[in-house]
Amino acid sequence: MNGGITVAGLTKRYGPVTAVDGLTFTVEPGQVTGFLGPNGAGKTTTLRMLLGLVAPTAGSALIGGQRYAELAEPRQVVGAVLEATGFHPDRTGRDHLRVIACSAGIQRSRVDQVLDRVGLTDAADRRVRGYSLGMRQRLGLAAALLGDPWVLILDEPGNGLDPAGLAELRDLLRGLAGDGRTVLMSSHVLSEVAQTVDHVIIIAGGTLRHVGKLSELTGTQGETLEAAFLRLTSDLTRPAGAAAPAGN
């Protein structure tokens, strides 16, 4: 399956607080798309709705034309990294991936393949309790890649990585997009985003502020991505009087 992401009128309210307000955008295959916004903008809530972890108040979030809950083999369609947690501290990295592969009906041979792809082969038999944050990020990415998915949804995938790790991540994501896959990543590290993505989606206060090619955003006026981001988000981070729920 090869499909993109379609978000239409997506809204999430928590009582009087509107965390996401009528978002509409598409993420096409064959490109890396940056999903950007200030803290509290609604990015994580949006990603959680895409993955069926949060029910929308209104609108839809589809992957390859289907809701996540409708996917027959979700790990073979979507790989996701939302945070570098949820690992059993006494399992090795290899065993963590073997458990996931077994539960998802994925061939065990994929474990060594993804460990190598994210640069964790040498640490595969160490217990996760001894992993650094960057190593946990790599393990989370390996888990996302286990099913060889066509869509990747990544929340701050570079968190904890050193410069060499960021360069490897950049090459990996661009390689996956080059294979025709759909890659959606959120990040606050705008300098790294500018070197990685083809398209950008910027939200603030739960509303859409920009969607389009990175070159269109930064090329016309010679702005950096940071300058354009600040210009688009400085006047609105959240509706007046509203407090964001936990997350971003």
Side-chain angles (χ1 to χ4, degrees), residues 4-27 32-63 67-69 71 74-75 77-87 133-134 136-141 143-144 149 151-161 166 169 173 182-190 192-193 196-197 199-211 225 229-230 232-233 236-239 242-248:
I5 294 169
T6 305
V7 170
L10 192 64
T11 299
K12 181 61 183 179
R13 299 187 186 93
Y14 295 94
V17 176
T18 301
V20 175
D21 190 5
L23 287 186
T24 296
F25 60 80
T26 59
V27 182
V32 182
T33 299
F35 189 40
L36 312 178
N39 288 335
K43 300 188 304 298
T44 297
T45 300
T46 300
L47 298 182
R48 288 181 174 276
M49 286 191 281
L50 265 172
L51 295 169
L53 299 173
V54 172
T57 304
S60 61
L62 306 179
I63 299 169
R67 292 185 301 112
Y68 185 87
L71 298 173
R75 279 196 175 269
V77 178
V78 186
V81 178
L82 292 189
E83 52 188 24
T85 59
F87 307 116
L133 175 58
R136 289 169 186 252
Q137 285 290 113
R138 290 173 185 265
L139 184 59
L141 184 57
V151 177
L152 280 167
I153 297 173
L154 312 173
D155 193 7
E156 300 287 350
N159 191 21
L161 295 182
L166 288 172
L169 175 65
L173 298 184
T182 302
V183 181
L184 178 65
M185 61 169 283
S186 78
S187 177
H188 288 299
V189 187
L190 298 183
E192 184 59 32
V193 171
T196 306
V197 309
H199 283 63
V200 289
I201 298 164
I202 298 177
I203 67 173
T207 64
L208 185 68
R209 308 310 302 277
H210 175 85
V211 58
L225 176 58
F229 175 85
L230 292 173
L232 289 165
T233 62
L236 175 62
T237 55
R238 182 150 298 280
N248 62 353

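Pairing each heavy atom of Pro74 with each of Tyr68, the nearest pair is CB-OH, 3.4 Å. Minimum heavy-atom separation, Ala204 to Ala41: CA-CB, 4.0 Å. Closest approach of Val189 to Ser187, counting heavy atoms only: N-OG, 3.0 Å. When all heavy atoms of Gln137 and Asn159 are compared, the pair lying nearest together is CG-O, 2.8 Å. Contact record, Leu50 with Ala61: CD2-CB, 3.8 Å, taken as the closest heavy-atom pair.
Side chains of Leu208 and Ile203 form a contact here, defined as non-hydrogen atoms less than 4.5 Å apart. Considering only heavy atoms from C-beta on, Ile201 stays 4.5 Å or farther from Leu23 through its side chain. Contact of the Ile153 side chain with the Val151 side chain is registered, since non-hydrogen atoms from C-beta on lie closer than 4.5 Å.
In this structure, CG in Leu184 is found 5.0 Å from CD1 in Ile5, a value given to the nearest 0.5 Å. Taking CG of Leu169 as the reference point, atom OG1 of Thr196 lies at 7.0 Å (rounded to 0.5 Å). Rounding to the nearest 0.5 Å gives a distance of 7.0 Å between CG of Leu141 and CG of Leu173. Lys43 contributes atom NZ, which lies 4.0 Å from atom NE2 of His188 (distance to the nearest 0.5 angstrom). The CG atom of Leu154 lies 8.0 Å from the OG atom of Ser186; values are rounded to the nearest 0.5 Å.
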Check against side chain to side chain contact (heavy atoms under 4.5 Å, CB included), Val81 and Met185: CA-CA 9 Å; Val81 178; Met185 61 169 283; over 6 Å; no

Residues Thr18, Lys12; criterion side chain to side chain contact (heavy atoms under 4.5 Å, CB included); working and verdict: CA-CA 6 Å; Thr18 301; Lys12 181 61 183 179; over 6 Å; no

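Residues satisfying the side chain to side chain contact (heavy atoms under 4.5 Å, CB included) criterion with His199, sequence neighbours excluded, are Gln31, Thr33, Lys213. By the side chain to side chain contact (heavy atoms under 4.5 Å, CB included) test, Thr24 is found to be paired with no residue, residues two or more places apart in sequence or in another chain being considered. Annotation: salt bridge (Lys or Arg N to Asp or Glu O under 4.0 Å) contacts of Arg13 (sequence neighbours excluded): none. Here Leu53 pairs with Arg48, Leu51, Leu82 under the side chain to side chain contact (heavy atoms under 4.5 Å, CB included) rule; sequence neighbours left out.
Counting only residues at least two apart or on different chains, the ring pair (Phe, Tyr, Trp, His ring centres under 6.0 Å) pairs with a member in residues 34-53 are Phe25-Phe35.
Side-chain contact, Thr207 with Asp21: no donor N or O sits under 3.5 Å from an acceptor N or O.
Checking side-chain atoms of Thr11 against main-chain N and O of Gly22 turns up a donor-acceptor pair under 3.5 Å.
Just one of Leu225, Thr233, Leu232 meets the side chain to side chain contact (heavy atoms under 4.5 Å, CB included) condition when paired with Leu36; it is Leu225.
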